[in-house]
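Working notes, structure below.
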Protein chains: 2
Amino acid sequence: MNIGQASEASGVSAKMIRYYEEIGLIAPPARTGNNYRVYATDQVHVLRFIKRARSLGFSLEETETLLKLWQDKSRTSAAVKDVAPTHINDLERRIAEMQGMVKTLKTLAHCCGGDHRPDCPILDDLAGDGTVSGENQPHIHRA
Amino acid sequence: MNIGQASEASGVSAKMIRYYEEIGLIAPPARTGNNYRVYATDQVHVLRFIKRARSLGFSLEETETLLKLWQDKSRTSAAVKDVAPTHINDLERRIAEMQGMVKTLKTLAHCCGGDHRPDCPILDDLAGDGTVSGENQPHIHRA
DNA sequence: CTTGACCTTCCCATGATGGGAAGGCCTACA
DNA sequence: TGTAGGCCTTCCCATCATGGGAAGGTCAAG
């Protein structure tokens, strides 16, 4: 199976497959005489595993941990379970941050008349000291 | 006021102030004879405006729009109000995505015994076809 | 034999931010 | 006057995950 077919079968772009190989996330595959990468079904499973972990919001680093645990036959499920809460906490923190932003924005948009007066509470708030209701803590990682 | 003081007063790092200048988000300030940037109070207000917009999750591009509206004396508040809902929708979509991830992870972590058996529903789910309850749509921007 | 669809490597871009080097300037203190 | 240190300047590099695209090799169908 060439990289294009592996990409098709796994849903991971060829570009990303090569990148994952480059950073050592996946093993370098065999090559044909013409230097083409050849993938077996096993490798496609690995790629799908990676894709799914990414879709659940795990970083590539976290994904690598999960992948090793998956491939380590002597793994314990406890070790895996430890990874989830950390990630859940991280997600919930970011969700709360964003909900704060939404609340502030809704408040401001609601107050903003939407007419042609040049006074706008949204801009006034952005310019001001930031004590409008619905305030959220900064410390954004630009979610 | 030097860049360090402007940074202190606005909460924007000197590095970022220079960057904002470089990309044209803020105007190049005056320079002293020794080539130091000099900022007036007005510029600090602009920096604080930017900082607050960023803390509400607006991208620099969106922030530029808001900034122009703020500085445009003939602006209408309607024009500003139009910017908020788009951003709110975007935020809410990302929140929903992340909540889906959390739900899936919680379900999986709950099922996972946490003992020493090598069977773990989290890994099994990651490896599988992804039809576990709490499923969310991919299309992640790695929130 | 040509055409087009693959594959290869290599470089560059994104967005927002930080790190750090190399060098200039200024102030305080001995 | 010398020096130490704390600012400032520009310039380059790194992050994270991904995509774009160029230049060139290979292969299969017509």
Side-chain angles (χ1 to χ4, degrees), chain A residues 1-26 28-39 43 47 49-67 87 90 94 97 101 138-143, chain B residues 1-26 28-39 43 47 49-67 87 90 94 97 101 138-143:
Chain A
M1 199 189 316
N2 284 344
I3 199 169
Q5 291 154 326
S7 168
E8 184 80 12
S10 65
V12 179
S13 75
K15 213 81 169 162
M16 280 302 101
I17 295 176
R18 294 194 196 98
Y19 174 67
Y20 293 161
E21 178 187 335
E22 188 194 331
I23 64 172
L25 183 59
I26 60 178
R31 300 278 186 141
T32 59
N34 49 23
N35 205 29
Y36 286 13
R37 289 171 177 83
V38 199
Y39 296 93
Q43 285 293 89
L47 289 171
F49 183 102
I50 292 168
K51 191 188 167 149
R52 177 127 176 83
R54 294 286 302 122
S55 88
L56 282 174
F58 290 101
S59 69
L60 282 184
E61 207 175 349
E62 289 167 324
T63 300
E64 190 175 11
T65 304
L66 291 167
L67 193 55
H87 188 55
D90 193 46
R94 294 205 305 244
E97 264 176 15
M101 295 174 204
H139 246 283
I140 300 304
H141 296 290
R142 178 49 176 158
Chain B
M1 197 190 316
N2 283 343
I3 199 170
Q5 291 154 325
S7 168
E8 184 80 12
S10 66
V12 178
S13 75
K15 213 83 170 163
M16 279 302 100
I17 295 176
R18 293 195 197 97
Y19 174 66
Y20 294 161
E21 178 187 335
E22 188 194 330
I23 64 173
L25 183 58
I26 60 178
R31 302 278 187 140
T32 60
N34 50 23
N35 205 29
Y36 285 13
R37 288 171 178 82
V38 200
Y39 297 93
Q43 284 293 88
L47 289 171
F49 183 102
I50 293 168
K51 190 184 172 162
R52 176 124 177 85
R54 295 285 303 121
S55 87
L56 283 175
F58 290 101
S59 69
L60 283 184
E61 208 177 347
E62 289 166 325
T63 300
E64 191 176 11
T65 303
L66 291 167
L67 193 55
H87 189 54
D90 193 46
R94 294 204 303 244
E97 264 176 15
M101 294 174 205
H139 245 281
I140 301 304
H141 297 288
R142 177 49 175 161

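Residue numbers start from 1 in every chain, and the chains themselves are labelled A, B, ... in the order their sequence lines are given, proteins ahead of strands.
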How many Å lie between [atom1] on [X] and [atom2] on [N], as a whole number?
X     : N      : atom1 : atom2 : answer
A:I3  : D:dG25 : CD1   : P     : 20 Å
B:Y39 : D:dC7  : OH    : P     : 16 Å
A:E64 : D:dA17 : CD    : C1'   : 15 Å
A:I23 : D:dA14 : CD1   : C1'   : 15 Å
A:I17 : D:dG19 : CD1   : C1'   : 14 Å
B:M1  : D:dC8  : CE    : P     : 12 Å
B:E8  : D:dG6  : CD    : C1'   : 14 Å
A:N35 : C:dC10 : CG    : P     : 11 Å

OP1 or OP2 of [N] versus the side-chain N and O atoms of [X]: is any pair under 4.0 Å?
X     : N      : answer
A:R37 : C:dC7  : no
B:Y36 : C:dG24 : no
B:R18 : D:dC8  : no
A:S13 : D:dT18 : no

Which atom of [X] lies closest to which atom of [Y], heavy atoms considered:
X     : Y     : answer
A:R54 : A:S59 : NH1-CA, 3.8 Å
B:P29 : B:E21 : CD-OE1, 3.4 Å
B:I3  : B:R18 : CD1-CG, 3.6 Å
B:I23 : B:L60 : CD1-CD1, 4.0 Å

| query | Nearest nucleotide by nearest heavy atom, which residue falls closer to the 5' end of DNA chain D, A:L60 or B:R31? | reply |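 Upstream on the strand: B:R31.
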
As a test of reading the structure: which of C:dT8, D:dA17, D:dT9 is closest to the side chain of A:R54, going by heavy atoms?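 Closest of the options to the side chain of A:R54: D:dA17.
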
- Query: Of the nucleotides C:dC7, D:dC11, D:dA17, which has the atom closest to the B:K15 side chain?
  - Reply: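 From the listed options, D:dC11 comes nearest.
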
Q) Distance from A:N2 atom CG to A:E8 atom CD, nearest 0.5 Å? A)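 Answer for the CG-CD pair, A:N2 versus A:E8, is 13.0 Å.
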
Most 5' of B:N34 and B:E61 on DNA chain C, judged by nearest nucleotide: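 Counting from the 5' end, the first nearest nucleotide belongs to B:E61.
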
Taking donor-acceptor contacts at under 3.5 Å, does the side chain of A:Y19 reach the base of D:dG19?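 In this structure, the two groups form no donor-acceptor pair.
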
